[in-house]
Amino acid sequence: MVNTCPHLIAEFFHKAPTNTLGGSRIHYPNGIPDNDVQPNKPYVCSIQTKQFPRVTSQNLHPSSSATKQKPSKNIAAPFPPVVPNFTFPICIYIRLFDTLRMASSSRVFSSYLRTLCSLPFRRSSPGIPLSSSFFIGKSGFGSLRLTSNLRKFECRTRASMAEIITPKSKGKVQVFDAEDELAVSLAKYTADLANKFSKEKDSFTVVLSGGSLIKSLRKLVEPPFIDSVDWSKWHVFWVDERVVPKDHPNSNYFLAYNDFLSKIPIPSGNVYAINDALAAEAAADDYETCLKHLVKSKIIDQSEITGFPKFDLILLGMGPDGHVASLFPSHPLVHENTKWVTCIKDSPKPPLERISFTLPVINASPYIALVVAGASKANSVHAALGPGPSSDMLPVQMVSPDGVVTWFLDKEAASKL
Ligand SMILES: O=C(O)[C@H](O)[C@@H](O)[C@H](O)[C@H](O)COP(=O)(O)O
């Protein structure tokens with residue numbers, strides 16, 4: 001029964017005129033026009049309203065005691081409008097769209113409703129022939145109203161992501177209520193860019209950092225993202241690496257392999273790990289040479305202006321002190337502007353020896369994501385994005401590409417903004 005829920009959601013939106021819900025609009029991926037949406041195809045959608053910032057998918061958090069059960073991965077939650085006084089994030093719809101198999105038959109729709117109405121916990125709910133639906137926006141909240149032949153139901157919605165307006169130079173800043181929501185949005189962002197570049201140039205060059213970023217990429221290896229990406233087009237690099245063997249728990253390669261790369265069908269030749277058999281300087285030179293070959297063979301783009309390699313997407317974490325890659329505050333390496341890859345032997349964050357991309361390489365990228373979660377990062381986030389001028393530039397503040405920086409923050413990291 002519950003598996004038919006996505007059909008219901010699909011029907012629900014398709015019954016609404018031109019896919020709008022009183023100022024809310026569904027966006028299908030890659031600009032698919034609304035009337036071109038195909039039955040029996042999965043779509044990852046986003047929703048945009050006049051009243052809310054743009055939001056992306058997330059879980060249902062029912063407040064109604066009747067629906068305390070949380071949706072598991074494969075079991076869609078009951079469609080909220082049939083439950084009175086139901087509070088849920090607005091992006092519930094997109095969550096359901098994530099796994100959507102579009103149904104055009106109204107038979108599916110009504111049989112689902114019949115089943116719902118026969119469920120014990122909804123015995124008090126009347127039947128729900130939907131006749132109209134719309135969102136009403138208030139500041140931060142909205143209501144979805146459904147008119148049944150017996151009475152009206154109201155469901156409150158709450159945006160679970162906010163966009164902070166910053167000067168253009170500081171990039172696009174998104175703040176998520178929960179890290180889980182951040183992870184879904186990051187997966188969609190990465191998958192969309194992968195698809196864009198794979199289509200445009202038949203390859204996608206992406207650079208990973210170490211630390212918690214890898215955990216934040218976890219949704220990318222789950223449906224629907226894992227199936228929506230052509231992994232054979234991916235070429236994976238590291239923005240920094242610790243000078244340890246590849247199977248050492250401190251190795252960024254090891255972390256990425258265990259939690260990400262081993263779960264995707266990427267050709268092993270497209271994974272460019274830093275050579276762990278070499279000492280720091282030699283490993284940095286070796287990696288730079290490897291990048292130069294790949295630029296020559298046109299796997300990696302090159303900036304016509306600066307000559308630095310241009311990776312399609314760089315995914316950066318940030319340390320509590322505002323470091324990115326292995327470029328630490330007040331360290332001379334942040335001013336390295338000739339080399340592509342350098343090394344540090346006195347890293348304030350252990351281990352001492354590391355290899356790192358330099359800032360000009362990072363800044364040559366057309367897309368950079370800064371993925372930052374946790375209260376320990378709030379001061380540096382404030383220094384980077386807050387209003388005041390700051391005397392000492394943190395490395396994260398020196399990430400200022402010609403391209404687009406998108407910040408993915410959880411609310412703890414954004415708490416001082
Ligand atoms: O290898 C590393 O240590 C990193 O690449 C480093 O730049 C990391 O991204 C930040 O320190 C944030 O790490 P956390 O997200 O774990 O705090």
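All residue numbers refer to positions in the sequence shown, counting from 1. Read the numbers this way: they start at 1 and go in the same order the structure lists the ligands and their atoms.
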> Cation-pi between Lys292 and Trp340: NZ/CZ under 6.0 Å from ring centre and within 45° of the ring axis?
Replying inline: yes

>> Regarding Thr205 and Asp312, do their side chains bring together a donor and an acceptor under 3.5 Å, going by distance alone?
In response: yes

> With distance as the sole criterion, is a donor-acceptor pair present between the side chains of Lys349 and Ser347 under 3.5 Å?
Replying inline: no

> Near ligand 1, which protein residues have a heavy atom under 4.0 Å away?
Replying inline: Ser209, Gly210, Gly211, Ser212, Asp240, Arg242, Asn252, Gly317, Met318, Gly319, His323, Val324, Ala325, Lys349, Arg354, Lys377

> Does one side chain, of Ser326 or Asp240, offer a donor that lies under 3.5 Å from an acceptor on the other?
Replying inline: yes

> Judged by modelled atom types alone, do Asp346 and His331 share a side-chain donor-acceptor pair under 3.5 Å?
Replying inline: yes

> ring pair (Phe, Tyr, Trp, His ring centres under 6.0 Å) with Trp231: which residues, sequence neighbours excluded?
Replying inline: Trp234

